[in-house]
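Because the structure is predicted, anything quoted here is derived from the model rather than measured.
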Amino acid sequence: MLSIPQVYVVSAFLLAVGVFVLLACASLVGAASSRLRMRGKDLGIASMALLSVVAFWFGTGVGASIAIPRSFDVLAPFIAVPIVGAVLITWVPPIRTLLTEIPTAPLVALQTYRAAGGVFLYPFLAEGYLTAGFAWPAGVGDVLTGLLALPVGWMAWRQVRGWRWAVVSHALFGIADLIVAPAAAAVYGFAAPDVEPAFPVMSIPLFFGPPLGIVLHLVTLRGLWLRERVDRPYTD
C-alpha cells in the first residue's frame, strides 16, 4: 500500500499534469481563435465552450475518482463516452474550423504528459497497489509514447521528410497502448486483490489515461486530415 506522503505526492503530481494539459489546450485554442478573428471569423464563443467542456471533464473525472471508488471494469463505459463525444464534436463546423488553425506539432508534443504513466510502475506497482500484468504494459507504453512525442513533434514542426508518417505512426502506437492497458486490466486485473482502487490512481482511467490520450491522438489526426483537405499551407 502507498504511504500517506506517497499519496500526497502522486496526487499533487497528477493534478499538476492535469493543469498543464488544460493550460496547453487553452493556449492552442486561444491562439487559433485569435488567428481566425484577424481574418474576420469570431469563434470566441465556440472556443470558450470547448475549453469549458474539457475543464468540466477534468473536474468531473478527478471528483469522481475521489468520491466514488470503483473497479476498473465498472468505469469502462464512462471511459468510452468522452472519446465518442470528442470525435463527434470535431464535425461541428466551428470546432472543425478551429482544428484547421491548430498546428500539428504542439498537439503531438502535448502527448509528453503521457510520461506521467510511469507512476504505474513507481510507486503503484512497487508498493503492490497494482497488478504486474497491468502495470508493466500500461506504464512502459505510456512512458514510450510521452518520450517519443518530443522527436515526432520536432519532425512535424520542422516538416522533415516523412513527418506525416511519423505523426500517424506515433498516434497509432499511442492509441494501441491505451487499448492494451484496459485489455491487460481485464485479463490480469487492475488493482491487487486486497486493494480498493481509489484516488489518485482512479483519476487516470477517468481522465488522464484512455480518454484524454485517445482524444488528443484522434484530434491530431483529424486536424492533419482537415488541413490536407482544405489545402492550407502548414505552419507547424
Side-chain angles (χ1 to χ4, degrees), residues 13-35 46-48 50-59 61-62 79 82-83 85-87 89-90 95-120 138-139 141-160 163-179 181 203-227 234-236:
F13 174 65
L14 291 178
L15 289 175
V17 170
V19 171
F20 161 75
V21 171
L22 291 179
L23 291 176
C25 290
S27 297
L28 293 175
V29 172
S33 182
S34 296
R35 287 193 294 270
S47 301
M48 290 301 298
L50 179 61
L51 293 174
S52 297
V53 169
V54 176
F56 176 77
W57 175 21
F58 172 58
V62 172
I79 296 171
I83 297 173
V87 171
I89 203 173
T90 61
I95 305 302
R96 187 173 63 232
T97 301
L98 279 171
L99 284 181
T100 64
E101 292 294 328
I102 298 178
T104 302
L107 281 175
V108 174
L110 186 53
Q111 290 283 354
T112 53
Y113 91 90
R114 294 273 294 280
V119 298
F120 284 136
D142 277 346
V143 171
L144 285 176
T145 302
L147 294 179
L148 289 171
L150 289 176
V152 174
W154 178 85
M155 290 178 67
W157 174 52
R158 301 296 297 175
Q159 296 183 32
V160 302
W163 71 269
R164 291 179 180 83
W165 286 108
V167 169
V168 173
S169 298
H170 180 258
L172 294 178
F173 176 82
I175 291 172
D177 166 58
L178 293 170
I179 293 174
S203 65
I204 298 175
L206 279 170
F207 180 76
F208 297 103
L212 179 61
I214 291 178
V215 165
L216 286 176
H217 282 307
L218 293 178
V219 166
T220 301
L221 295 176
R222 173 74 167 144
L224 186 62
W225 182 80
L226 286 171
R227 283 169 168 266
Y234 286 81
T235 57
D236 308 39

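- Taking both residues in full, the closest heavy atoms of F120 and D142 are given as CE1-OD2, 3.7 Å, listed atom of the first, atom of the second, then distance.
- At least one side-chain heavy atom of T104 sits under 4.5 Å from a side-chain heavy atom of R227.
- A distance-only check finds a donor-acceptor pair linking the side chain of T145 to the backbone of G141 [under 3.5 Å].
- Taking 4.5 Å as the limit, every side-chain heavy atom of F173 sits out of range of all side-chain heavy atoms of H170.
- Of all heavy-atom pairs spanning V21 and L110, the tightest one is CA-CD1, 4.5 Å.
- Rounding to the nearest 0.5 Å places CH2 of W225 at 11.5 Å from CG of L99.
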Assess the residue pair W57 and L212 against the criterion (side chain to side chain contact (heavy atoms under 4.5 Å, CB included)); give the C-alpha distance rounded to whole Å, side-chain angles, the decisive distance to 0.1 Å, and a yes or no.
CA-CA 10 Å; W57 175 21; L212 179 61; 4.2 Å; yes

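- Looking at heavy atoms from C-beta onward, L50 lies out of side-chain contact with C25 at the 4.5 angstrom threshold.
- The OG1 atom of T100 sits 10.5 Å away from the CZ atom of R222 when rounded to the nearest 0.5 Å.
- Separation of atoms CD1 (I175) and NE2 (H217) is listed at 6.0 Å; rounding is to 0.5 Å.
- A 4.5 Å side-chain heavy-atom check between L218 and I83 finds at least one atom pair inside the cut-off.
- Atom-to-atom distance recorded for L98:CG and T90:OG1 is 12.0 Å, nearest 0.5 angstrom.
- G213 and Q111 get closest at one heavy-atom pair: O-NE2, 3.3 Å.
- Each of L148, L144, L178, L216 was checked for a side chain to side chain contact (heavy atoms under 4.5 Å, CB included) with R114, and the lone residue meeting it is L178.
- Distance check: L226 CG to E101 CD gives 11.5 Å after rounding to the nearest 0.5 Å.
- Summarising the geometry, atom CG belonging to L22 is positioned 11.0 Å from atom OG belonging to S27; distances are rounded to the nearest 0.5 Å.
- Taking both residues in full, the closest heavy atoms of L14 and S203 are given as CD1-OG, 3.8 Å, listed atom of the first, atom of the second, then distance.
- Below 30°, between 30° and 60°, or above 60°: for Y113 and F208 the angle between ring planes is between 30° and 60°, a tilted geometry.
- What you find for S47 and V29 is that their closest heavy atoms are CB-CG1, 3.6 Å.
- Of all non-hydrogen atoms in A116 and V17, the two that sit nearest each other are CB-CG2, 4.1 Å.
- At a threshold of 4.5 Å between non-hydrogen side-chain atoms, the residues I204 and V119 count as touching.
- Within the 4.5 Å cutoff, no side-chain heavy atoms of L224 are placed close to those of L107.
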